[in-house]
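Have a look at the structure below, then the notes.
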There are 2 protein chains.
Amino acid sequence: MKDGKETARRIERKLKEAGLRPTRQRLDLAGLLFADGERHVTAEMLHAEAHRHKMSVSLATVYNTLNQFAAAGLLREVAIEGTKTYFDTTISDHQHFYFEHDGTLIDLEPDEEVAVAVQKVPEGMKVARIDVLIRLVPDE
Amino acid sequence: MKDGKETARRIERKLKEAGLRPTRQRLDLAGLLFADGERHVTAEMLHAEAHRHKMSVSLATVYNTLNQFAAAGLLREVAIEGTKTYFDTTISDHQHFYFEHDGTLIDLEPDEEVAVAVQKVPEGMKVARIDVLIRLVPDE
DNA sequence: ATTAATGCAAAATCTTTGCACTTTC
DNA sequence: GAAAGTGCAAAGATTTTGCATTAAT
């Protein structure tokens, strides 16, 4: 965990640059999301976490905030099958390990990444992004 | 479209081999799904299609059937972000093109596939499968 | 006959929305 | 004070479930 004041300032700047007003709720949630390192959360998870930290935010606001952050490019939605929507704090191009036995998701380190190169793309289309999800199960 | 009788027999065999009783609803739905070629459907879509073909199936049964087929290995769930669950009639290892502007999903031909090789896998884990989704947007 | 599948409606989930109130600029 | 954000509860959307009825073995 980084120094509190530095982080708070950095986060406020981040929101302003994204054109989002730095309200208390957004600062609180961004504080949890961007404190340090990668994070993969659902709205439910983040709401529970905020509660544990005695932050006052409604679940609807958590949903709205995650969607706004994603629209602003601060977060990225991750496609995992199933009903819940995951958001990833790492927005640069990267890949994921998905632990099927417990539903955990982690980023691959850049040096672990799989190289992908598309040969042919349908007429009139171009590649926007390539999602790679490596599904893991316990060995043996 | 293949010959009707041949297809019907093939499908009935398919269900039996999967340990599923060949009921009218399952035969109807399997008939739509496995008539020929790849298909990517949601429960909603398949239910609507069944209706158009004057087949009588409830939406709940479509859901149940898709889940049973997937559990039996006849279909594969595809992870696309968003709320709806897609099922794919191609169950072998393969990759997808996803057209972001209209939500269409198609399989890559084997010769278009991207080679992926994972270097390091977390301790005690092994790769079950690698999902590759190539996101396309209109050119320019 | 026995066992499994279906249909319906009801419930359970997850997510978005409408609107009065509050906060930020 | 104007514009934007929040909270709550209500509505939406998707999916699952309980149970009586029907169909398959």
Side-chain angles (χ1 to χ4, degrees), chain A residues 8-9 11-33 40-51 54-72 74-75 77-87 103, chain B residues 8-9 11-33 40-51 54-72 74-75 77-87 103:
Chain A
R9 242 182 284 120
I11 286 175
E12 183 158 354
R13 205 179 322 120
K14 196 173 177 125
L15 291 186
K16 282 190 174 156
E17 278 164 13
L20 296 169
R21 286 188 182 176
T23 63
R24 179 179 57 69
Q25 290 84 343
R26 285 178 182 164
L27 289 169
D28 281 353
L29 295 177
L32 296 176
L33 290 170
H40 300 88
V41 301
T42 63
E44 231 18 285
M45 287 165 56
L46 186 58
H47 185 238
E49 190 177 348
H51 262 239
K54 312 285 183 222
M55 295 167 174
S56 165
V57 208
S58 72
L59 180 58
T61 296
V62 174
Y63 271 105
N64 290 337
T65 302
L66 286 173
N67 285 330
Q68 289 154 358
F69 282 10
L74 266 39
L75 292 175
E77 207 172 318
V78 185
I80 303 287
E81 88 266 289
T83 57
K84 293 204 178 175
T85 305
Y86 276 81
F87 290 90
Chain B
R9 241 182 285 118
I11 286 175
E12 181 158 353
R13 205 180 323 119
K14 197 173 177 127
L15 292 186
K16 281 191 174 155
E17 277 165 13
L20 296 169
R21 285 189 182 175
T23 62
R24 180 179 57 70
Q25 290 84 343
R26 285 177 181 163
L27 289 169
D28 281 353
L29 296 176
L32 297 176
L33 290 169
H40 299 89
V41 301
T42 63
E44 226 26 281
M45 287 165 55
L46 187 59
H47 185 238
E49 190 177 348
H51 262 239
K54 314 285 182 219
M55 295 167 172
S56 165
V57 209
S58 71
L59 181 56
T61 296
V62 174
Y63 272 104
N64 291 337
T65 302
L66 286 173
N67 286 330
Q68 288 154 358
F69 282 10
L74 266 37
L75 291 175
E77 207 172 319
V78 185
I80 304 287
E81 89 266 289
T83 55
K84 293 203 177 175
T85 306
Y86 276 80
F87 290 90

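The sequence lines fix the lettering, A, B, ..., with proteins before strands; numbering per chain opens at 1. Just the heavy atoms: all of them, side chains too, but no hydrogens, waters or symmetry mates, feed the values below.
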Rounded to whole Å, how long is the line connecting atom [atom1] of [X] with atom [atom2] of [N]?
X       : N      : atom1 : atom2 : value
B:Leu46 : D:dT15 : CG    : P     : 13 Å
B:Glu77 : D:dT14 : CD    : P     : 16 Å
B:His47 : D:dA13 : NE2   : P     : 17 Å
A:Met55 : D:dT6  : CE    : C1'   : 16 Å
B:Leu59 : C:dG7  : CG    : C1'   : 11 Å
A:Gln25 : D:dT6  : CD    : P     : 5 Å
B:Lys84 : D:dG12 : NZ    : P     : 16 Å
A:Glu44 : C:dA12 : CD    : P     : 16 Å

Minimum heavy-atom distance B:Leu15-B:Pro22, with the two atoms named: CD1-CA, 3.9 Å
Minimum-distance pair of heavy atoms, taken over all atoms of A:Val57 and A:His51: O-NE2, 4.3 Å
Nearest-nucleotide comparison on DNA chain D, the residue closer to the 5′ end among B:Tyr63 and A:Val57: A:Val57
A:Gln68 or A:Thr83, whichever maps to the more 5' nucleotide of DNA chain D: A:Gln68
Verify the contact: side-chain N or O of [X] to OP1 or OP2 of [N], cut-off strictly under 4.0 Å; return yes or no.
X       : N      : result
A:Thr42 : C:dC14 : no
A:Ser58 : D:dG7  : yes
A:Asn67 : C:dT16 : yes

Which one, [options], comes nearest to the side chain of [X]?
X       : options               : value
B:Arg21 : C:dT6, C:dT3, C:dT16  : C:dT3
A:Arg26 : D:dG5, C:dT6, D:dT15  : D:dG5
B:Pro22 : D:dT15, C:dG7, D:dT25 : D:dT25
A:Ala60 : C:dC8, D:dA9, C:dT6   : D:dA9
A:Thr65 : D:dT6, C:dT6, C:dC25  : D:dT6
B:Ser56 : C:dG7, D:dG7, D:dT16  : C:dG7

Sugar-phosphate only, base, or nothing, as touched by B:Asn64 at under 4.0 Å among non-hydrogen atoms: base
Touch class at under 4.0 angstrom, heavy-atom based, for B:Thr85 against every strand present: sugar-phosphate
If we only count heavy atoms from C-beta on, is the [X] to [Y] side-chain gap below 4.5 Å?
X       : Y       : value
A:Arg24 : A:Ser56 : yes
B:Leu27 : B:Glu12 : yes
B:Gln68 : B:Thr65 : yes

Pairs involving residues 57-71 of chain B, ordered by first then second residue, that meet salt bridge (charged side-chain N to carboxylate O under 4.0 Å, His left out) (sequence neighbours left out): none
